[in-house]
Amino acid sequence: MDEKIEIDALILDVDYVNIGDKSTIRIAATGKGSDTAFFYDKSFSPYVYLIPSNRRLDAETMKRLDLRSKDTRIEISGVEEKEIKHAGRGVRVFKISTTNTRYVPMLRDSLGEFGECYEHDILFWKRYIIDKGISPMHGARITAHKEGDVFVVDKIEKADVKEDLTHLCFDIETYNPIGAPRQEKDPVIMISYSCNGNRKVLTTKKIDREFVICFESEKEMINAFSEVIRSMDVDIIAGYNSSNFDIPYLVKRAEVTGADFAIGRGREQVKMEHHGLVEAVKIPGRINVDVYNVAKFVSVVGASEKLIRANRLTLSEVYGAITGDVKKMVDRRNIWQLWDGSKDDLENLADYSLADSLALDELYKFFINLEIEVSKVSGTTLGEACVSTTGQLVEFLLMRYAYDNKEIVPNKPSDSEIRMREANPIEGAYVKTPDAGVYRNIGVFDFRGLYPSIIITYNIDPSTICNDESAEFYQSPAGTRFLKEPAGIIPSALRRLTGERLGIKKAAKKDPDNKELAARSQALKIIANSFYGYLGYARSRWYSRDCAASVTALGRAHIMQTIDAAEKAGFRVLYSDTDSIFLLLEGKSKEDALGFLKKFNSSLPESMELELEDFYVSGVFVGKRGGDSGAKKKYALLSESGRIKIRGFELVRRDWSGVARETQRKVLEAILKNGSKDEAIKIVKDVVSMLRENKVPIGDLVIRTQLRKRIDSYDGKSPELAAAKKAIEKGIRSKDDLEGSTINYVVTRSGSSVSEKAVLEEMADNYDPDYYIEHQIIPATLKILKELGVSEEELKGRGSQRRL
DNA sequence: GCCGTAGGACTACCA
DNA sequence: ACTGGTAGTCCTACGGCG
């Protein structure tokens, strides 16, 4: 008999399987009081929209069409005529359904002669959650019955579900005495994991540690690990760079050794897919979280605020940035030696392996709340959110809005269209040139979320652009007009996001320790701030040059009006970049500045507000290296609490040596905190003589620069490229190893050009003091000291004219 | 052949 | 593979000089 069930569950994953020739949605859901299970929805079919070019075409004719692609007859299971919004007006469309996803691209091609095809490239599982209105991480109420062994969905609707997910963090070690690990030959020697308080290291040697479990063979070790995942009923599997390394490696080793690595639910195999540029690992019925991807996302998107600040995104660096602790480290190249080494070495290795999993567990806990909220805000699965760019998240959110608003989703642009868009960039923000100098008493104000509030205020959306004189419209300085009514989906989506964020921030004030609220606020901010970029993104479905250009034009107009008002109020505006102004208080008080702020805000549209960022006791702007004007995007400010805020200076750039950065930091501090020119000069002179006397450790001289292209595709020479090539020639590192990576190099004495002198840190046994003095220390510090009237000669001291 | 410089390629930063 | 604005490095090419 039919067994009816109804559960409230979180949705871990949505995909589809073909049953016969019918593509059938499959949902992996986990709910209270029930095991995680697959649910099949047989009632949902793939479809596309057709905007017919011939108005006499009707649904009956469409149904009878015999569409073919080569030898295949395309199955059409339904045709429905509908009214839908397209580019701001209503159009008649056919919704053409089929039985199998493989017919969808064929439909797109063969429908070309009847009109324009839309929504043909929306993945089936995304189509499903959009149409059903479910957000996987919010959860759903599923009503289902059992057919044989499987659950079949009768009804699914959105719900708000609280449910804890079980996660497992893991890490593997491989035995690779020569170079990088080779999947076919080099065995996995250890698998460590941390799950629900269980911490273990699985390995194939006897090691005297209570957390170590020893197996006869690599095969048995992998089998046991698979069994852990199944028996713990793990929902989320987290690794560090595991999508590119650990998981593919284990898959291959299982193949080589005959082990069982079927870690999906129902013993399904892991699938590897491309997702844009990143590798996405899919584990059926579970969620793969590569914490490295997440860290990269956060460091790119949320960098400005406190979140993380690490030079490199290795596990240990990110761990250090988050916890302030130092993780137990082993040089990856020495792992095989420890494995072949003494009892102590083996114990060390096991400790290290476990430490990696535990560190990963910390990172996981730090990042996962944000990632869950990102999934909720954009309405996608957690696994998808973890491999998505902000552009993809915004796009998905807008597709949901479009569906709810009965609007057709615009198609992706063609390659030629993309090239055309890229060849026509828009004018961006305004940046005021500062006057170089040291200043006291500065007030900094900025517009929070300037671009989102402009989009909302002026109803900026591709569909609201109008040319009609009679309608009510806003006009941007770029000349584009936007209807005041009705709200476009982009402004209305943004209005909802910012409105929600306001509420969250209020709630967070009352509950400051609530991590979920903080994460949600962060997620809302990240996504809201990406809308403008998405409007101007060449691959965007909602690209609009006029909209993007209007956003920046209005941004420029608002900030210039702000500068104007501040000057009229008697302030000197030292600097301004995009959405901020720096006021010199001079004879005026903080209260005067706040008074101006209040008065000015009352003149602004309701959704825009200039806010106090902070007051600073002193600040430095420097001149440009070449000319005499001040440098933009470079300044240092000392707040009243003693904190120094530094932007753009060499010391925040990783492609400058540690000595130069550290010296610059000390000089800035001396000037901002003590106003002491002499102290600053002494700092520089001391470092210069340390360099001359060869007393500076090589590690402080390392310059890091990323090779962002393939090694062969560079036109010219550069030090980092030359250093990399030397290492490849000597066989110390491989091309694969270095491409895309950050090159750590040192400038040595041998050679004439900088490129000739540059070698990898690990190959460097000397350094060129002249280079570090002339090209690192002096340029980094002189530009600051110049503002105090210090000359180059004063800095170098005796011995600087050695060339004569 | 040496010098200085203009311009291109490139990277990493700010918002 | 969300945008544009910006500084600064190193390299190459080029013109002037002798």
Side-chain angles (χ1 to χ4, degrees), chain A residues 274-278 297 300-301 303-305 311 387-395 398 412-413 418 421-422 424-434 446-451 526-543 545 547-549 551-553 555-556 559 575-580 613 622-627 629-635 645-657 660 703-709 713-722 742-743 747 752-758 771 774-776 779-780 783:
Chain A
H274 294 284
H275 190 281
L277 282 187
V278 292
F297 176 85
V300 174
V301 177
S304 61
E305 309 294 320
N311 283 329
V387 293
S388 290
T389 64
T390 51
Q392 289 163 327
L393 295 169
V394 169
E395 178 176 284
L398 286 177
K412 285 184 183 164
I418 291 169
R421 292 174 179 182
E422 280 172 345
N424 277 297
I426 59 157
E427 186 182 345
Y430 169 71
V431 188
K432 183 179 161 72
T433 307
D446 58 19
F447 285 100
R448 294 285 149 77
L450 177 64
Y451 288 175
I526 288 171
I527 293 178
N529 283 341
S530 306
F531 275 66
Y532 150 71
Y534 185 70
L535 273 173
Y537 172 42
R539 302 175 120 80
S540 162
R541 292 176 187 268
W542 274 273
Y543 175 88
R545 194 174 190 284
C547 288
V551 173
T552 54
R556 293 192 299 273
I559 201 67
Y575 180 60
S576 164
D577 185 349
T578 312
D579 57 4
S580 64
E613 199 266 337
V622 295
K624 280 211 282 192
R625 180 143 166 76
S629 70
K632 299 169 175 182
K633 299 184 186 279
K634 260 179 203 260
Y635 58 84
K645 178 174 172 173
I646 295 166
R647 290 292 122 99
F649 275 112
E650 285 71 10
L651 89 92
V652 301
R653 297 179 60 105
R654 62 172 173 214
D655 57 354
W656 279 73
S657 63
I703 298 168
R704 302 173 208 278
T705 311
Q706 195 184 356
L707 286 179
R708 302 173 140 268
K709 308 206 295 178
S713 59
Y714 281 95
D715 293 329
K717 278 188 197 171
S718 61
E720 60 276 15
L721 182 63
T742 303
I743 307 299
V747 178
S752 50
S753 70
V754 182
S755 285
E756 283 171 33
K757 291 163 177 244
Y771 173 82
E774 301 290 336
H775 291 90
Q776 295 269 323
K783 66 170 87 184

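These numbers were taken from a predicted model, which means no experiment stands behind them. Letters A, B, ... mirror the listed sequences (proteins, then strands); counts begin at 1.
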Rounded to the nearest angstrom, tell me the gap between atom OH in Tyr532(A) and atom P in dC2(C).
14 Å
Using the ring pair (Phe, Tyr, Trp, His ring centres under 6.0 Å) criterion, which residues pair with Tyr430(A)? Sequence neighbours excluded.
none
Could you state the CZ-C1' distance from Arg647(A) to dC14(B), rounded to the nearest angstrom?
8 Å
Can you find a heavy atom in the side chain of Ile743(A) that is under 4.5 Å from one in the side chain of Gln706(A)?
no
Specify the separation, in whole Å, of atom CZ of Phe649(A) and atom P of dC14(B).
11 Å
Between P on dA15(B) and NZ on Lys432(A), what's the gap in Å once rounded to a whole number?
16 Å
With a 4.0 Å cut-off on heavy atoms, is Gln392(A) in touch with a base, just the backbone sugar-phosphate, or nothing at all?
nothing
Residues which pass ring pair (Phe, Tyr, Trp, His ring centres under 6.0 Å) with His275(A), listed by chain and number, not counting sequence neighbours
none
What's the CH2-P distance between Trp542(A) and dT3(C), to the nearest Å?
17 Å
Assign Leu450(A) to base, sugar-phosphate, or nothing according to its heavy-atom contacts below 4.0 angstrom with the strands shown.
nothing
Report the distance from atom CG of Leu651(A) to atom C1' of dC14(B), rounded to the nearest whole Å.
14 Å
Starting at atom CD1 of Ile743(A), determine the distance to atom C1' of dC10(B), rounded to an integer number of angstrom.
14 Å
Nucleotide dC14(B), atom P - distance to CG of Asp579(A) in whole Å
14 Å
From dG5(C), dC13(B), dC2(C), nucleotide with atom closest to Ser530(A) side chain
dC2(C)
Within the structure shown, what part of the strands sits under 4.0 Å from Gly533(A) by heavy-atom distance: base, sugar-phosphate, or nothing?
base
Nearest 0.5 Å, what's the CZ-OG distance between Arg704(A) and Ser657(A)?
10.5 Å
Test item: Gln392(A) side-chain N/O and Thr389(A) main-chain N/O as donor-acceptor pair under 3.5 Å:
yes
I want to verify a distance call: between dC2(C), dC10(B), dA15(B), whose nearest atom is closest to the Tyr635(A) side chain?
dA15(B)
Qualifying residues under side chain to side chain donor-acceptor pair (under 3.5 Å), relative to Asp446(A), sequence neighbours excluded
Arg448(A)
Kindly give the atom pairs (protein nitrogen or oxygen, nucleotide nitrogen or oxygen) under 3.5 Å for nucleotides 4-7 of chain B.
none

Close N or O pairs between protein and nucleotides 7-11 of chain C (under 3.5 Å):
residue	atom	partner	partner atom	Å
dA7(C)	OP1	Lys624(A)	NZ	3.4
dG8(C)	OP1	Lys783(A)	NZ	2.7
dG8(C)	OP2	Arg625(A)	N	2.8
dT9(C)	OP1	Arg625(A)	NE	3.4
dT9(C)	OP2	Arg625(A)	NE	3.0
dC10(C)	OP1	Tyr771(A)	OH	2.6
dC11(C)	OP1	Ser755(A)	N	2.9
dC11(C)	OP1	Ser755(A)	OG	2.5

Restricting to salt bridge (charged side-chain N to carboxylate O under 4.0 Å, His left out), what partner residues turn up for Arg541(A), sequence neighbours left out?
Asp121(A), Glu395(A)
Please check this pair: side chain of Tyr714(A) against backbone of Lys709(A), looking for a donor-acceptor N/O pair closer than 3.5 Å.
yes
What nucleotide among dC13(B), dA12(B), dG4(C) has an atom nearest to a side-chain atom of Arg708(A)?
dA12(B)
Tyr537(A) and Tyr534(A) aromatic ring geometry - parallel, tilted or perpendicular at 30°/60° bounds:
tilted
Among dC2(C), dA15(B), dT11(B), the one nearest Gln706(A) by side-chain distance:
dT11(B)
May I ask you to say what Tyr714(A) touches in the nucleic acid, namely base, sugar-phosphate or nothing, with a heavy-atom cut-off under 4.0 Å?
sugar-phosphate
Rounded distance [0.5 Å steps], OG in Ser755(A) versus NZ in Lys717(A):
6.5 Å
